[in-house]
Amino acid sequence: MKRSGFPRTYDLIWEAVRLVPRGKVASYGEIAREAGLPRQARLVGYALHALPDSSGVPWHRVINAQGKISFPPESVAFRTQCRLLRKEGITVNRGAIDMRKFGWLRQQE
DNA sequence: AACGTGACAAGGC
DNA sequence: AGCCTTGCCACGT
């Protein structure tokens, strides 16, 4: 990543990710909207990839619109994300997240 | 400065 | 249900 000074779009995205409460997840698209960048879900993935480790941003709560983890199933990142989610009480099987935990605003439960 | 590449999404077949 | 296309836009070559 590259910090060049003024408000980068990544900051907006990271800020939005911080809003996702423990025990809930949100999609890349939702994060993009919340960050004021509608239809730029792709950018969210890019921004998370550029995230420094010690940021405290709950990146693991962001999953794709199909309700699944967007990492190759056997990757280290995939397993890490599973572990972090389960630690928050979210059930994950084969990368699929319990949809009842989806969305942190306008909850459907 | 153009071009390909992404932890995506939505729509068409 | 899959697979392909298009929209998107910051980054590294």
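Bear in mind the structure is a predicted one, so any value in this text is a computation, not a measurement. Because only heavy atoms are used, hydrogens play no part in the values below, and waters and symmetry mates are left out as well, while side chains stay in. Per chain, numbering begins at 1; letters A, B, ... match sequence-line order.
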Without decimals, in angstroms, what is the distance between [X] [atom1] and [N] [atom2]?
X: A:Y28; N: C:dC8; atom1: OH; atom2: P; answer: 21 Å
X: A:Q40; N: B:dA7; atom1: CD; atom2: P; answer: 17 Å
X: A:L48; N: C:dA10; atom1: CG; atom2: P; answer: 16 Å
X: A:R39; N: B:dG6; atom1: CZ; atom2: P; answer: 24 Å
X: A:I31; N: B:dG6; atom1: CD1; atom2: C1'; answer: 18 Å
X: A:N64; N: B:dA10; atom1: CG; atom2: P; answer: 11 Å
X: A:W59; N: B:dC8; atom1: CH2; atom2: C1'; answer: 17 Å
X: A:K68; N: B:dA9; atom1: NZ; atom2: P; answer: 12 Å

- prompt: Checking side-chain contact (heavy atoms from CB on, under 4.5 Å) against A:V57, which of A:V20, A:V17, A:I13 comes through?
  reply: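 Of A:V20, A:V17, A:I13, side-chain contact (heavy atoms from CB on, under 4.5 Å) with A:V57 is met by A:V17 alone.
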
message: Looking at C:dC11, I'd like to know if its phosphate oxygens (OP1 or OP2) sit under 4.0 Å from a side-chain N or O belonging to A:R8.
response: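 Yes, because at least one side-chain N or O of A:R8 sits under 4.0 Å from OP1 or OP2 of C:dC11.
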
query: Would a 4.5 Å heavy-atom cut-off, applied to side chains only, mark A:S70 and A:F78 as touching?
result: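 SC-SC contact between A:S70 and A:F78 ruled out.
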
message: Quick one, A:Y10 and A:L48 - any side-chain contact, counting heavy atoms below 4.5 Å?
response: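 No - every pair of side-chain heavy atoms lies 4.5 Å or more apart.
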
query: Between A:E74 and A:R79, is the closest basic N to carboxylate O distance under 4.0 Å?
result: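 Result for this pair is yes, salt bridge flagged.
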
field: Sidechain N-carboxylate O distance under 4.0 Å for A:K101, A:E88
entry: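 A salt bridge is absent here (no side-chain N lies under 4.0 Å from a carboxylate O).
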
message: If I pick the P atom on C:dC8 and the same atom on B:dA1, what distance separates them, to the nearest angstrom?
response: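 Going atom to atom, P in each nucleotide, I get 22 Å.
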
task: Please determine, for the side chain of A:T9, which listed nucleotide (B:dA7, B:dA10, C:dA10) has the closest atom?
output: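 Within the option list, the nearest is C:dA10.
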
- prompt: With nearest nucleotides of DNA chain B determined for A:I63 and A:L43 from heavy-atom distances, which residue corresponds to the more 5′ nucleotide?
  reply: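 Its nearest nucleotide being more 5', the pick is A:L43.
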
query: With a 3.5 Å cut-off and just heavy-atom distances, do the side chain of A:R42 and the base of B:dG6 make a donor-acceptor pair?
result: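 Yes.
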
field: N/O donor-acceptor pair, side chain A:Y46 with base B:dA7, under 3.5 angstrom
entry: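 In this structure, the two groups form no donor-acceptor pair.
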
